[in-house]
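Step one of this worksheet: look at the structure below.
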There are 2 protein chains.
Amino acid sequence: MKIDERHLIQLAAVVKTGGVTEGAALLGLAQPAVSRTLSMLEKRVGEPLFIKGRRPLRPTPLGLSLAEHGLVMLAASRKASDLVESFRIGKSGVVRIGGTPFFMDALIARLCAEFQTSHPDVRIDQSYGYFSDLRAALRADQIDLAICPIDILDEGSGLEFQQILPGRNVVACRVTHPLLLKRRPQPSHLLDYPWIAPPPGSPLLADLRALLLSFGATEIKIRYTGGSLMSVINYLKSADALTVMPHSVVFAQRKEKTITALPITIPHPERALAILKRIDAPRAPAVDQFAEFVRAGFQDLRHLIKRHEESVIWGL
Amino acid sequence: MKIDERHLIQLAAVVKTGGVTEGAALLGLAQPAVSRTLSMLEKRVGEPLFIKGRRPLRPTPLGLSLAEHGLVMLAASRKASDLVESFRIGKSGVVRIGGTPFFMDALIARLCAEFQTSHPDVRIDQSYGYFSDLRAALRADQIDLAICPIDILDEGSGLEFQQILPGRNVVACRVTHPLLLKRRPQPSHLLDYPWIAPPPGSPLLADLRALLLSFGATEIKIRYTGGSLMSVINYLKSADALTVMPHSVVFAQRKEKTITALPITIPHPERALAILKRIDAPRAPAVDQFAEFVRAGFQDLRHLIKRHEESVIWGL
DNA sequence: TATCTTCATAACAATCCGTTATATTGTTTT
DNA sequence: AAAACAATATAACGGATTGTTATGAAGATA
């Protein structure tokens, strides 16, 4: 005996409200529709669902039991409708983001938390990678957004990218570093201290190499490599080591007062932090909202970072 | 955004089984029906529910969430179908029985328990009353069955009654009662002992009066009245009192070896224990099954009781 | 008894459903 | 890389069901 689910829901509405008219109103239907449904149900079930000739309407035990199941369905239906609604306005769903480790750790994680104060039902799945990995992950639909530095020249190929921060690197060290005592540290001084190399494969590593070349240096003391941002910072805290970092990452740590940037200008990489999306794929609304949130967040940061850069590096 | 419940269920079936074809099979539908449902759902929801161009079919997060709600509905629907099925074969539902206290306590309660070994999901609601109450309760649809002694002459009036045991009364006493030592106790001896009167309003009370009249007795010592069967038995256990009881009730207590019947024949009431139903009303299948169970149970008891009567009362 | 509310029925239009037949697409095999 | 295979999407159609409004019947209430 297969029972039409809609019928059960209508039965539940009638039992719940105590009348055909009210039940129909609850479902936004006309009374005769529900009335007919009930007679059809009774005919199919072959047993009375309501006690006849009594008003207010009273269900039989069977009718009551069936109505309970209908109520379950009604609730599930409501929840499903709400889910769709909240998904469409970007208030629920999953956002899968990938990015370069330092940016994610230093800047994005905090933004995720902030985003969820207004979008508590959105889940964020984060993963790490560099440009080529992220591009592949985007194309394979393993992530929805990538946040990473890309060469300004890189273009198209099905990906849309939105620049959110110009690429500026600095030499980072702990706040007690001896080089900070000099008014104008010279690049040659940099070679006197141990260095932390950025993770293999990272753009920063390439930046470090370019930096050395610009000094004409052939060798520096690499003493530590491979650590995540937290490892690097903790290492820096404990030694007079140096490393190359995006300025924004150092900026994000300014409140901790543990690391800072040396007042030395080094070449800008031809790169910018950007948000990458697939241009063709349909994205969940929550993804677009998150991307916009990140973009707006960086927009706010931009001049703060600029001013910080001028004061720290140029000493203005 | 209202969503058709049937659509959600089909979605759930597809997600659960991992394919349109299998999902359709699970629901007993053809594949194109389900396929079309999915496209309609996607169009209405406005968001993709499955990742396009990938097989085996993989749902999007939204599709997965919606499918979970659908699964709830599917389960509820299955349960409802099972419920109807078991109700129709009398394996679930409610049976509301009413009856005279002594019979219910001595005989019917045990039958209820036995009935439920084969019908564990049937609930039995028991209540007490005498004929006129029970008849009213039946007519008001407060009970489904009444089990009580009725005059053979009583007839019709919308009620069907089925005789299950002839009315035989005995004089009951404890097994150590002194009258049991006499080979042939005479009616006059009965007046020497204290009596328990059956509850006011009960047919037994009328029987007691008739009994007295037949002895020409004008007065007996009523020492106790108003108790339920258990009270009466416990009273009898502790005193050499006498009372009138249906023989079947005494019979039901034979295993306890605490009360028995005096070997004295007293007039049969023109009554029989019967099952009463409304003749017009639709009854739940479980009710009919229970009535039949009770009838069959008494049928089995009948000759046992007869033999017991002969051996106890006639000393055969 | 009269009135009022609520439920049941009738009639009709529109939608939706489920079917079979067929095309398309993604995957696997050679 | 082409071909074979399997699964899904589309098309077309008959029929069932759903929704509506208008109206009649039956309890409840005064």
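- Closest non-hydrogen pair, G70(A) versus I9(A), comes out as O-CG1, 4.0 Å.
- Counting to the nearest Å, the C1' atom of dT8(D) and the CG atom of L41(B) are 16 Å from each other.
- Look at CG on D4(A): it is 10 Å from C1' on dT18(D), rounded to the nearest Å.
- Rounded to an integer number of Å, the gap from CG of L29(A) to P of dT21(D) is 11 Å.
- Separating the CZ atom of R58(B) from the C1' atom of dT8(D) is a distance of 17 Å, rounded to the nearest angstrom.
- Each of dA8(C), dT8(D), dT19(C) was ranked by its minimum atom distance to the side chain of V20(A); first place goes to dA8(C).
- Taking only side-chain nitrogens and oxygens, S39(A) never comes nearer than 4.0 Å to OP1 or OP2 of dA8(C).
- For the pair R36(A) CZ and dT23(D) P, the computed distance is 18 Å after rounding to whole Å.
- Distance R6(A) CZ to dC17(C) P: 7 Å, rounded to the nearest Å.
- Between S92(A) and A286(A), the shortest heavy-atom contact is O-CB, 3.8 Å.
- The residue among A33(B) and G19(A) whose nearest nucleotide of DNA chain C lies closer to the 5′ end is G19(A).
- In this structure, M40(A) atom CE and dC7(C) atom C1' are separated by 17 Å, rounded to whole Å.
- Each of R295(A), R283(A), R88(A) was evaluated against D288(A); a single residue qualifies, R283(A), per the salt bridge (Lys or Arg N to Asp or Glu O under 4.0 Å) test.
- Contact between the side-chain N/O atoms of Q31(A) and the OP1/OP2 oxygens of dT5(C) is not found at any separation under 4.0 Å.
- Residue T21(B) has a polar side-chain atom (N or O) positioned under 4.0 Å from OP1 or OP2 of dT8(D).
- Proximity note for S35(B) (side chain, C-beta onward) versus dT8(D), dT20(D), dT19(C): the nearest is dT8(D).
- Taking atom CD of residue E42(B) and atom C1' of nucleotide dT8(D), one finds them 12 Å apart after rounding to whole Å.
- When the side-chain nitrogen and oxygen atoms of H7(A) are compared with OP1 and OP2 of dT17(D), none of them lie within a distance under 4.0 Å.
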